[in-house]
2 protein chains.
Amino acid sequence: MNRATRLALIEKLVRENVIGSQEELLRMMEGTGMKCTQATLSRDLRQIGISRGFDGSGGYRYFLPSGREEAADSLPGSDTAAITGITWARGLLLIKTLPGFAPAVAIRIDRAGRYEIAGTVAGDDTILLIPRDNISNEAVEECLSTIFQS
Amino acid sequence: MNRATRLALIEKLVRENVIGSQEELLRMMEGTGMKCTQATLSRDLRQIGISRGFDGSGGYRYFLPSGREEAADSLPGSDTAAITGITWARGLLLIKTLPGFAPAVAIRIDRAGRYEIAGTVAGDDTILLIPRDNISNEAVEECLSTIFQS
DNA sequence: ATTTAGAGTGCAAATTTATACATTATTTGC
DNA sequence: GCAAATAATGTATAAATTTGCACTCTAAAT
């Protein structure tokens, strides 16, 4: 049970799981029989370079130093996975995707033929979705989750 | 002194300085006359996506979401010359370029990662730029002149 | 003009993370 | 093998960050 083994385990756990706090990671480690205190964990994370960011849906999550994530992440299995973020601005919905994926995702939205969505325009990695008049943001988002659920 | 202005200032300060804690950033903001509490700052940082990492020499530092750090080092300034006109319409900015140059110019704008700009969609010779809500036309134009100066 | 709904904020408390210090292990040089 | 030096860890505590709640402000609706 040495330090190097522990560091490797920590990196593995962070790579393969969504972890929101050091306490949570600690409990996960205990599950594998490897244990230490939160103080040591804090030092280990700094050593490895793991830092905390946002998980994209209101929570927190630890991340490996950039470049160490899973290569597979950058090859989305489905169009849905290509979406990297959405923002409302000026009554329009901006959908950000991985480079090159915007047209594919936009086509899928268009084909759904939802009334709430007046139309879309796709660039390379950004889609502009124009809702119809008097349609709420929530209604549009609900549309999208219907379209992309599965 | 509204929220959007504060968020833009925060992004600017984080982009241009090495900041290690929210208190430190707070003091920096006070220096510009813009002030709020640390609690609000915590919420703002989440909103913008700024998170804390390591500075490479034992300390901490806040970082912009990846891709937003240093704008446009390697991008030729010549794209600027491709812009043939800009017009505001419906709260959106239409940027006209020479044929074929719209994607290149749009990429440059995107890479700058300015908070004020929610996103862009590029055709062949036209870019649609969507500002965030509550951002003035002037602020967006100032952004652009910053992005394209050099 | 008044009401209502929602966003934004400060305050204080809770939670989470980092560190000073003491202690224990590990390595190094003899 | 032994002492000295160095690294690693735990404990307790400090520092930093996040959040629940109440209040304010703004803008839309009646």
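Sequence lines set the chain letters: A, B, ... in the order given, protein chains first and strands last, and positions in each chain run from 1. What you see is a predicted model, and the numbers here were worked out from it, not measured in a lab.
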Measure the distance from [atom1] on [X] to [atom2] on [N] and round it to the nearest whole Å.
{"X": "A/L25", "N": "C/dT16", "atom1": "CG", "atom2": "P", "value": "13 Å"}
{"X": "A/R6", "N": "C/dT26", "atom1": "CZ", "atom2": "C1'", "value": "14 Å"}
{"X": "A/I19", "N": "C/dT16", "atom1": "CD1", "atom2": "P", "value": "14 Å"}
{"X": "A/N137", "N": "C/dA7", "atom1": "CG", "atom2": "P", "value": "10 Å"}
{"X": "A/I50", "N": "C/dT17", "atom1": "CD1", "atom2": "P", "value": "13 Å"}
{"X": "A/R3", "N": "D/dA7", "atom1": "CZ", "atom2": "P", "value": "11 Å"}
{"X": "B/L7", "N": "C/dA7", "atom1": "CG", "atom2": "P", "value": "15 Å"}
{"X": "B/N134", "N": "D/dC25", "atom1": "CG", "atom2": "P", "value": "18 Å"}

Checklist line | Heavy-atom donor-acceptor pair, A/D125 side chain to A/L98 backbone, under 3.5 Å | finding: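 Checking the backbone N and O of A/L98 against the side chain of A/D125, no donor-acceptor pair under 3.5 Å is found.
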Identify all pairs in which a protein N or O lies below 3.5 Å from an N or O of nucleotides 17-21 of chain D, and state each distance.
from, atom 1, to, atom 2, distance (Å)
D/dT17, OP1, B/Y62, OH, 2.3
D/dT17, OP2, B/Q22, N, 3.0
D/dT18, OP2, B/Q22, NE2, 3.0
D/dT18, OP2, B/S42, OG, 2.7
D/dT18, O5', A/Y60, OH, 3.4
D/dT18, O4, B/Q38, OE1, 3.4
D/dT19, OP2, A/Y60, OH, 3.4
D/dT19, OP2, B/R46, NH2, 3.2
D/dG20, O6, B/R43, NH2, 2.5

Item checked: Reported CG-to-CD distance for the pair A/D44 and A/E11, which is rounded to 0.5 angstrom ->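 The CG atom of A/D44 sits 12.0 Å away from the CD atom of A/E11.
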Margin query: Between B/R3 and B/N134, is the side-chain contact (heavy atoms from CB on, under 4.5 Å) condition met? List the steps.
Written below: CA-CA 9 Å; B/R3 175 180 159 78; B/N134 302 312; over 6 Å; no
Closest heavy-atom pair and its distance - [X], [Y]:
{"X": "B/L7", "Y": "B/Y115", "answer": "CD1-OH, 3.0 Å"}
{"X": "B/T120", "Y": "B/A106", "answer": "OG1-CB, 3.8 Å"}
{"X": "A/A122", "Y": "B/V121", "answer": "C-CG1, 4.1 Å"}

Margin query: With a sphere of 6.0 Å drawn around CD of B/E30, does it hold more than 12 non-hydrogen atoms of other residues, nucleotides or ligands?
Written below: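 Counting other residues, nucleotides and ligands, CD of B/E30 exceeds 12 neighbours.
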Notebook entry, point to check: Could you give the angle between the helix axes at the two ends of the helix from C/dA1-D/dT30 to C/dC30-D/dG1, with five pairs per end, rounded to 10 degrees?
Noted result: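 Overall, the helix from C/dA1-D/dT30 to C/dC30-D/dG1 bends by 40° from one end axis to the other.
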Next item on the list: Start with the C-alpha distance between A/R6 and A/M29, add both sets of side-chain angles, then the distance that settles side-chain contact (heavy atoms from CB on, under 4.5 Å), and finish with yes or no.
Entry: CA-CA 9 Å; A/R6 191 181 64 241; A/M29 289 169 67; 3.6 Å; yes
Item checked: Reference residue B/I50; test side-chain contact (heavy atoms from CB on, under 4.5 Å); the match among B/L13, B/V14, B/L25, B/I19 ->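 Going through B/L13, B/V14, B/L25, B/I19 one by one, the side-chain contact (heavy atoms from CB on, under 4.5 Å) with B/I50 is satisfied by B/V14 alone.
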